[in-house]
Amino acid sequence: KVTHPGVASGVGPVPPPPCPGRIRHFKI
Amino acid sequence: TPVVLGLEERNPACDDPETEAAALAGVDYLNQHVRWGYKHVLNQIDKVRVWPRRPSGEVYELEFDTLETTCHALDITPLANCSVRTVTQHAVEGDCDMHVLKQDGQFSVVFAKCESTPDSREDVRKVCPQCPLLTPVNNTKVVHAANAALAAFNAQNNGSHFELLEISRAQLVPLPVSTYVEFAVVATDCAAADGTDPACSGPPKKQYGFCKATVAEKLGGEEVSVTCTVFPTQPVAPLPQPDAASSANPPPAADPAVSPPSSPSVPVDSVALGPKRV
């Protein structure tokens, strides 16, 4: 019986890196 | 030592709501305890680690950046209503290390160390080539401008006589040639008209104000423009101590009137509160 190899789920939303967090105003 | 299950450190994301809540508690603590300079807002959380604490609770070990607002530290304006100082005004950044204990759903700061540094001259110049840059607050022109502005304010003020508490920031403006200065003042027990009375050198009341002034150089003299905001009198309570504070590490004075004088240079300030470790 032939089965297809598993297919990657595709490009989903990339989670943000855990740190550092977002810049709320501006970076100096 | 056998490993105790459930007592490992955690590494939540910097934008995790719990991390943000801990960092905001740290910013609140900073603004409640700094008695000179300006209030700061949270800008970016750089690192976070969470340690279990015996017998209960967790300690958030945080590193985060803040930005200076236009509200003076003694200003009673809620932080949410304070504007972040822009790059063109020569922004100042704060860099904080804090340990924040979360216990029974409540945050409390057990260690805090923050340092602030102004943006580089080059960065300001890139955005605004003509903008005046921060000038050391002990600059002769700056000190003169603050004193002249305060004298002008006292001369026009029918209420209390105010004394200079600190010069908070200053800029030398090239055109028109002038000095811009922001400074904090404190009211004495004397009426403005009694400013030369020796009795006026007594301990000041706890009424503070904040002034913005421009002293322009003119032919044969100078032109002083000053606006002061006097804050409502606030009860002066002793500063709460961090949980594990020891007498070997006293916090800064609670009384702004006896706090350190103005920084001798560009306002690069730091405050270290409480013990080094939890």
Side-chain angles (χ1 to χ4, degrees), chain A, chain B residues 10-24 26-27 40-50 60-70 79-80 82-96 116-128 134:
Chain A
K1 191 171 183 180
V2 178
T3 58
H4 292 286
V7 178
S9 59
V11 181
V14 179
C19 283
R22 65 190 171 92
I23 297 170
R24 289 159 178 76
H25 302 280
F26 54 86
K27 196 73 179 171
I28 64 173
Chain B
R10 295 193 291 120
N11 294 284
C14 280
D15 285 339
D16 184 273
E18 284 287 292
T19 307
E20 290 193 340
L24 289 171
V27 173
H40 278 238
V41 293
L42 179 64
N43 190 33
Q44 185 179 34
I45 300 170
D46 296 319
K47 288 182 184 173
V48 58
R49 284 193 300 177
V50 183
Y60 286 73
E61 192 177 310
L62 294 158
E63 292 180 28
F64 57 83
D65 297 331
T66 62
L67 284 172
E68 183 182 282
T69 69
T70 56
L79 186 63
C82 296
S83 304
V84 175
R85 204 175 287 284
T86 63
V87 173
T88 57
Q89 294 170 315
H90 205 155
V92 174
E93 181 185 51
D95 184 18
C96 290
S116 68
T117 46
D119 196 1
S120 72
R121 302 169 70 91
E122 295 74 20
D123 284 354
V124 181
R125 285 274 178 260
K126 273 184 214 167
V127 177
C128 180
L134 278 175

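Only this structure's heavy atoms are used, side chains among them; waters, hydrogens and symmetry mates stay out. Per chain, numbering begins at 1; letters A, B, ... match sequence-line order.
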- Query: Short question: side chain of B:D119, backbone of B:V92 - any donor-acceptor pair under 3.5 Å?
  - Reply: no
- Between B:N11, B:V48, B:D46, the one whose heavy-atom pairs under 4.5 Å with chain A are most numerous: B:D46
- Query: Do any N or O atoms from the side chain of B:H90 and from the backbone of B:L134 form a donor-acceptor pair under 3.5 angstrom?
  - Reply: yes
- Partner chain A: residue of B:V87, B:L42, B:D65 with the largest heavy-atom pair count (under 4.5 Å): B:L42
- For A:F26 and B:Q44, run side chain to side chain contact (heavy atoms under 4.5 Å, CB included): C-alpha distance rounded to whole Å, both residues' side-chain angles, the deciding distance at 0.1 Å, then the answer. CA-CA 9 Å; A:F26 54 86; B:Q44 185 179 34; over 6 Å; no
- Task: Taking only Lys NZ, Arg NE, NH1 and NH2, and the carboxylate oxygens of Asp or Glu, determine whether A:R22 and B:E20 approach each other closer than 4.0 Å.
- Result: yes
- chain A: which of B:L67, B:T86, B:D123, B:V84 shares the most heavy-atom pairs with it under 4.5 Å? B:L67
